[in-house]
J.: 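My questions all concern the structure below.
The shown structure was predicted, so the numbers you read here are calculated from the model rather than taken from an experiment. All residue numbers refer to positions in the sequence shown, counting from 1. We count ligands from 1, going down the list as the structure has it; atoms in each ligand are counted the same way.
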Amino acid sequence: MKKYIIRGPNKAVKGEVDISGAKNSCLPLMAASILFKKKVTLKNVPFVKDVLTMKDLLVALGSKVDFSESKKIMTINNKKNHKLVVPYNLVSTMRAGVLTMGPLLARYPNKKIQTSLGGGCSPGIRDTNWHLAGFKSLGASNNLEKGYVNLLAKKGLIGSKYKFPKVTVTGTSNLIMASTLAKGSHVIKNISIEPEVIDLINFLNNSGADIKFIGKRSIKIIGVKELLSGSHKIIGDRIEAFSYLCVGAITKGSIKVININPKFLPSELKTLKKIGYEINVNKNSIKLNTSKKLKPVNIKTGPWPEFATDCLPILIPVLTRIFGQSKIKETIFTNRFMAVPELNRMGADIKIYKNFAVINGEKKLNSADCISSDLRTTFSIILGAIAAKGSSTISRIYHGLRGYSNLQPKLKNLGIKVKMKT
Ligand code: EPU
């Protein structure tokens, strides 16, 4: 199993990082290809494990997929009919596999679609009850059989209305995809407006779908007869951008991230400014500088445009290095603090009270042998190791490679001493 060995402390890290396409945009866009009868071309595709797993999943369903890693271009052809069983071995390693439910249902509404549930990152309990309730509003029944959910809309999918009880990102994408080819129009309320969901809506609309905003979190989808082909450039990954800005933040350095729209990170950039970092933005880049005195912050996560839950584990190690007490409340998942025991083993002082963390800052961090347990936890521990004195080992680095493209080369380019060991 691959491990990273990182030598610290790294001080005042300076440099520029080219941000990859957003994983959480790419995965639903790949799933959306099932809606199309001909070729879909995706550009700026990130080379991360989850994308390769989704590729395997599409191939298992019968799509023809070509991916040029160097050109970052993927083409997906769906000339044949799909198989309608989404296998457990693929969904079990990547939760986003459930995103194939909506488009399969849209393409083959009166055939039985069997999808395995579960898997992937474990920042907490991740149900699909609202996805299924959304499909039901279109006329699709569901029942659980041998660990698989069977979906069937005997009379086809018929538009009506559905309101999500709480905001769900993949739930929104799944229901949008299911509604795209339905009869009549479907109104969906309380949707996620994460940049990745908007990216999906833009792609579908540019390829012949009819999706309109009728309120800040409400859309009306008028079903179209078919979608033939489409082409789309994936937006930059806001979580990756924030992660590298935090390499600059924790080392009190200066980092520029390019190929990222700063408007995707409103609360995150506001938080960094509040701490005292200097943030300068351009249309497609963000620069962080450390010049002033830094102070602790209190933040709460929430659906976009609030502070992203994925950025919470990344900010925590930064706050361990800032004098004073910071408080963080997580409102989305039940288990977002998995990096905390590892950071405390490095000498941090972080206390957890259910979904609340109190960070007593300006602790000196020392190296430790750590084990990563999910995607964002990996980067959190990497940040700790970058700031810590001595050589830290981070095992189960594969969690990080699920979502960070070229992780080791990008860190090395910034001058971080990082070695891979198998
Ligand atoms: N929820 C339900 N029922 C549902 C759907 C969601 O109870 O049917 C609950 C979840 O249990 C959770 C909350 O609603 O407590 C929000 O979950 P959401 O559905 O929004 O999360 P997700 O769509 O499964 C996506 C990202 C995550 C990101 C979250 C929150 C993708 C592929 N994944 O997950 O990304 O943390 O939204 O923004 O888009 C990551 O990239 O590391 C990652 C975990």
Side-chain angles (χ1 to χ4, degrees), residues 20-32 46 48-51 53-54 57 91 93-102 115 117-137 142 149 162-178 188 190-200 217 234-235 237-243 264-265 267-268 301-314 330-336 338-339 355 372-380 398-405:
S20 302
K23 163 185 85 79
N24 289 345
S25 214
C26 187
L27 298 174
L29 288 168
M30 289 173 73
V48 294
K49 184 76 178 74
D50 274 6
V51 165
T53 307
M54 186 59 106
L57 180 47
V91 185
T93 58
M94 185 194 59
R95 147 117 184 155
V98 301
L99 281 164
T100 52
M101 284 198 279
T115 315
L117 291 184
C121 245
S122 40
I125 299 161
R126 299 174 81 175
D127 218 330
T128 37
N129 53 333
W130 303 330
H131 299 231
L132 300 180
F135 299 148
K136 208 168 201 169
S137 69
N142 65 76
V149 173
Y162 182 71
K163 183 175 178 187
F164 283 106
K166 273 175 129 186
V167 172
T168 156
V169 178
T170 48
T172 300
S173 300
N174 234 344
L175 191 53
I176 288 174
M177 293 188 279
I188 317 175
N190 199 26
I191 65 160
S192 144
I193 49 169
E194 259 63 10
E196 295 76 19
V197 173
I198 305 299
D199 207 27
L200 174 69
R217 288 190 180 275
I234 295 166
I235 55 169
D237 193 317
R238 63 195 162 107
I239 314 298
E240 191 198 25
F242 185 76
S243 303
F264 295 162
L265 294 134
S267 301
E268 294 76 12
T301 62
W304 198 90
E306 291 177 55
F307 193 94
T309 171
D310 291 306
C311 292
L312 174 149
I314 315 292
E330 163 64 348
T331 69
I332 311 278
F333 288 116
T334 47
N335 201 12
R336 261 297 182 203
M338 285 184 289
N355 63 339
S372 172
S373 48
D374 86 359
L375 170 54
R376 306 302 166 191
T377 299
T378 310
F379 209 95
S380 181
Y398 62 85
H399 285 294
L401 305 179
R402 286 188 43 217
Y404 287 95
S405 182

J.: Is ligand 1 less than 4.0 angstrom away from at least one heavy atom of Arg376?
T.: yes

J.: Can you confirm, on distance only, whether ligand 1 has an N/O atom lying under 3.5 Å from any N/O atom belonging to Glu194?
T.: no

J.: Is Lys23 close enough to touch ligand 1? Criterion: a residue heavy atom under 4.0 Å from a ligand atom.
T.: yes

J.: Would you check the N or O atoms of Phe333, main chain and side chain alike, for any that come under 3.5 Å of an N or O of ligand 1?
T.: no

J.: Just which atoms of ligand 1 are under 4.0 Å from any heavy atom in Asp127?
T.: 2 (C), 3 (N), 4 (C), 5 (C), 6 (C), 7 (O), 8 (O), 11 (O)

J.: Would you sort out whether Arg238 and Glu196 count as a salt bridge (Lys or Arg N to Asp or Glu O under 4.0 Å), showing the intermediate values?
T.: CA-CA 10 Å; Arg238 63 195 162 107; Glu196 295 76 19; 2.8 Å; yes

J.: Are Asp310 and Arg336 packed together at the side-chain level, in the sense that at least one heavy-atom pair is separated by less than 4.5 angstrom?
T.: yes

J.: Heavy-atom distance under 4.5 Å between the side chains of Val51 and Leu27, does that happen here?
T.: yes

J.: Please could you name the atoms of ligand 1 that Arg95 approaches to less than 4.0 Å, counting only its heavy atoms?
T.: 24 (O)

J.: Only heavy atoms of Thr309, strictly under 4.0 Å: list the atoms of ligand 1 that pass.
T.: 30 (C), 36 (O), 38 (O)

J.: Identify which of Thr334, Ile332, Leu99, Thr168 has a heavy atom lying nearest to atom 16 (C) of ligand 1.
T.: Ile332

J.: Under 4.0 Å from a heavy atom of Arg336: which atoms of ligand 1 are those, numbered in the order shown and with their elements?
T.: 36 (O)

J.: Ignoring hydrogens and geometry, is there a side-chain-to-backbone donor-acceptor pair from Asn174 to Gly102 under 3.5 Å?
T.: yes

J.: Could you name the option among Thr377, Asp310, Val167 that has the heavy atom nearest to atom 44 (C) of ligand 1?
T.: Asp310

J.: Is the closest N or O pair between Asn129 and ligand 1 shorter than 3.5 Å?
T.: yes

J.: Can you spot which of Lys23, Lys49, Arg376 makes a side chain to side chain donor-acceptor pair (under 3.5 Å) with Tyr404?
T.: Arg376

J.: Please state which option from Val197, Thr301, Thr128, Asn24 has its nearest heavy atom closest to atom 32 (C) of ligand 1.
T.: Asn24

J.: Find out whether Lys166 and Trp130 are in side-chain contact, i.e. whether some heavy atom of one side chain is under 4.5 Å from a heavy atom of the other.
T.: yes

J.: Check whether any side-chain N or O of Thr331 sits under 3.5 Å from a backbone N or O of Thr301 as a donor-acceptor pair, and report yes or no.
T.: yes

J.: Do Leu29 and Asp199 touch side chain to side chain, with heavy atoms closer than 4.5 Å?
T.: yes

J.: Within a strict 4.5 Å, meaning less than it, do heavy atoms of the Val167 and Asn190 side chains meet?
T.: yes

J.: Can you list the ligand 1 atoms lying under 4.0 Å from a non-hydrogen atom of Val169?
T.: 18 (P), 19 (O), 20 (O), 23 (O), 25 (C), 37 (O), 38 (O)

J.: Could you establish whether Glu240 and ligand 1 come within less than 4.0 Å of each other, counting only heavy atoms on the residue side?
T.: no

J.: Any heavy-atom pair between the side chains of Tyr162 and Leu175 that's under 4.5 Å?
T.: yes

J.: Looking at non-hydrogen atoms alone, which of Thr170, Ile239, Asp237 comes nearest to atom 22 (P) of ligand 1?
T.: Thr170

